[in-house]
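A, B, ... follow the sequence lines: proteins, then strands. Residue 1 opens every chain.
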Amino acid sequence: MLKILFFGQLKDIIKTECLEIDIIQSGNALNTVAKLRGMLQAKDDTWKEYLAYGKALVAVNQEMTSDDTAINDADEIAFFPPVTGG
Amino acid sequence: MLKILFFGQLKDIIKTECLEIDIIQSGNALNTVAKLRGMLQAKDDTWKEYLAYGKALVAVNQEMTSDDTAINDADEIAFFPPVTGG
Amino acid sequence: MSHFTQIVVQAQDFDFTHEYQKLRDSNTSDGALVTFVGLVRDLNLQQTVSGLFLEHYPAMTEKVLANIVKTARSKWQLGSVSVIHRVGQLKVSEQIVFVGVTSQHRQSAYHANEFIMDYLKTQAPFWKKETTTQGDTWIEAKASDMEKSKGWL
Amino acid sequence: MSHFTQIVVQAQDFDFTHEYQKLRDSNTSDGALVTFVGLVRDLNLQQTVSGLFLEHYPAMTEKVLANIVKTARSKWQLGSVSVIHRVGQLKVSEQIVFVGVTSQHRQSAYHANEFIMDYLKTQAPFWKKETTTQGDTWIEAKASDMEKSKGWL
């Protein structure tokens, strides 16, 4: 199971904190961050806008990464807006 | 009367903290920092070495300045090594 | 005592004096100690801020901060390094973040401290929501912060 | 309270916490507070340092420090600025100098603080003598400090 987390304003707007997806059952088609992002964006216009590349950053297993990163079952993926700590 | 002060290592080496010179009586020949420096350096080899331009900085009336600065009676002149505070 | 690295993410306030003293006591060879503290400001644009809510990504936060400190240590010769970041609800003028660095040379202490803050600002998974008299608003990231952190590359 | 400039030259130690708190309390709009503290180190080359003696040129010192702060304020938008420098006999690990700066922007606070220290190092009339087990030695100025202060021009 792929665990997907959302943070910050993104989490509020899409009203979702956490999702689980069985990527094996989905035929392993979701094998990169880019494909997962595309699948999530297909949900509706809000998801499309706020999960867009450049608007939502992504971390795979708690490390910030780019869209061509491979993903595997049991990975933890997080999408979030640019960070604003400090 | 011109008041001349020495600080730091320079003061220890020339064993002098303070001097007074009547520049009016000296015929106003000591009208620049450079001339005063030259007069003091003439005292002996130690003064010559440690008061040399580049080795001893100079302040006129508590402001760091250069050797072409004009000096007047009643000015306070200070010579000292490069500063090492902080 | 000896040089240390401390990374803490916590809801409660930190005792600045205690943190300063720990850094100062950690060795007798570092002549320079630089601290940065970020405070909740009362003004953002025209709104009146009553406070901030700081959300973070717990599993990731300390990992990222540890990496930033590691990178700083590879760039400058540092003694002790301390990073404390608060999360949760904060009021105006409360302390948000502490970065403290000791070094034998002041330039290293200054630059490493600024580097840590610049990277924390763009890499560490914290998000600020302002609580204002007109309601809550998520704070937008600043393009200038992205540019600043690129300046160290 | 409101923004202030404080310049102090004194023989006694300063209370770091008190100085930090004064800066922090001086306003509610500055989000960044950077402090620098210089400490007496125990190592200089091969000698064992037991302490430092700091001589200064009283009539000139505060004047120079005030000018440095004025220049910093003309280069960056700053809130409160505090500079404290000790003179006389200091022991190993004692505090020598404090520079504290607040600003709305962290980069201004960092850079102004470093600028003040860089200029203090080359312009303010202080001279350090090290007391070591092999006797006392006046400390030589470092060429690197001259170069650093030129970097701001």
Side-chain angles (χ1 to χ4, degrees), chain B residues 1-21 23 32-33 36-37 40-41 45-86, chain D residues 9 36-41 44 52-68 83-88 90 95-99 113-130 135-149:
Chain B
M1 291 294 271
L2 205 61
K3 192 174 173 191
I4 307 166
L5 305 171
F6 304 96
F7 291 97
Q9 189 180 24
L10 174 62
K11 174 197 69 183
D12 282 6
I13 288 174
I14 64 170
K15 296 183 182 69
T16 309
E17 264 189 69
C18 183
L19 278 180
E20 291 201 332
I21 296 179
I23 58 169
T32 66
V33 167
L36 174 63
R37 192 195 288 271
L40 294 168
Q41 282 186 278
D45 283 354
T46 308
W47 287 62
K48 186 170 183 178
E49 182 181 348
Y50 287 90
L51 273 161
Y53 177 80
K55 189 133 184 166
L57 304 179
V58 64
V60 173
N61 297 328
Q62 302 92 42
E63 289 217 9
M64 256 207 266
T65 190
S66 58
D67 269 34
D68 52 11
T69 301
I71 55 182
N72 300 294
D73 200 37
D75 280 347
E76 179 175 292
I77 320 288
F79 289 95
F80 44 76
V83 301
T84 56
Chain D
V9 178
F36 174 87
V37 170
L39 301 159
V40 183
R41 306 185 224 180
N44 185 54
L52 282 181
F53 182 83
L54 265 142
E55 179 179 314
H56 74 134
Y57 176 6
M60 182 172 170
T61 319
E62 293 187 27
K63 219 166 164 173
V64 172
L65 295 177
N67 264 331
I68 295 171
V83 180
I84 306 176
H85 203 296
R86 294 179 63 198
V87 292
L90 306 186
Q95 303 177 129
I96 306 169
V97 57
F98 173 86
V99 177
N113 198 308
E114 187 175 5
F115 170 89
I116 290 168
M117 275 306 300
D118 283 356
Y119 272 79
L120 186 157
K121 282 266 175 189
T122 58
Q123 304 293 317
F126 294 103
W127 299 273
K128 277 188 197 135
K129 191 159 57 175
E130 269 182 1
D136 298 356
T137 350
W138 287 97
I139 291 181
E140 298 276 328
K142 282 187 280 183
S144 60
D145 282 329
M146 279 315 270
E147 289 311 309
K148 275 192 98 268
S149 71

Other residues, nucleotides and ligands only: do more than 12 of their heavy atoms fall within 6.0 Å of CE on D:M146? no
Segment of D:K63 engaging chain B (4.5 angstrom heavy-atom cut-off): side chain
Let me know if B:L5 has heavy atoms under 4.5 Å from chain D in its side chain, its backbone, both or neither. side chain
Answer key: most heavy-atom pairs under 4.5 Å with chain D among B:K11, B:Q9, B:E63 is B:Q9
Non-hydrogen atoms of B:A78 and D:Y57 that approach each other most closely: CB-CE2, 3.3 Å
Of all the heavy-atom pairs spanning B:V83 and D:L120, show the shortest one and how long it is. CG2-O, 4.4 Å
Once you round to the nearest 0.5 Å, how far does CG of D:N67 lie from CD of B:Q62? 12.0 Å
Check the pair D:M60 / B:F80 against side chain to side chain contact (heavy atoms under 4.5 Å, CB included), numbers first and verdict last. CA-CA 12 Å; D:M60 182 172 170; B:F80 44 76; 4.2 Å; yes
For B:K55, look at atom NZ and say whether over 12 heavy atoms of other residues, nucleotides or ligands are found less than 6.0 Å away. yes
Which portion of D:K129 sits near chain B, non-hydrogen atoms under 4.5 angstrom: side chain
Is B:N61 close to chain D through its backbone or its side chain, or both, or neither, when contacts mean heavy atoms under 4.5 Å? backbone
Need one label for D:W127: side chain, backbone, both or neither, based on atoms under 4.5 Å from any heavy atom in chain B. both
Under 4.5 Å from any heavy atom of chain B, what part of D:A59 do you find: side chain, backbone, both or neither? both
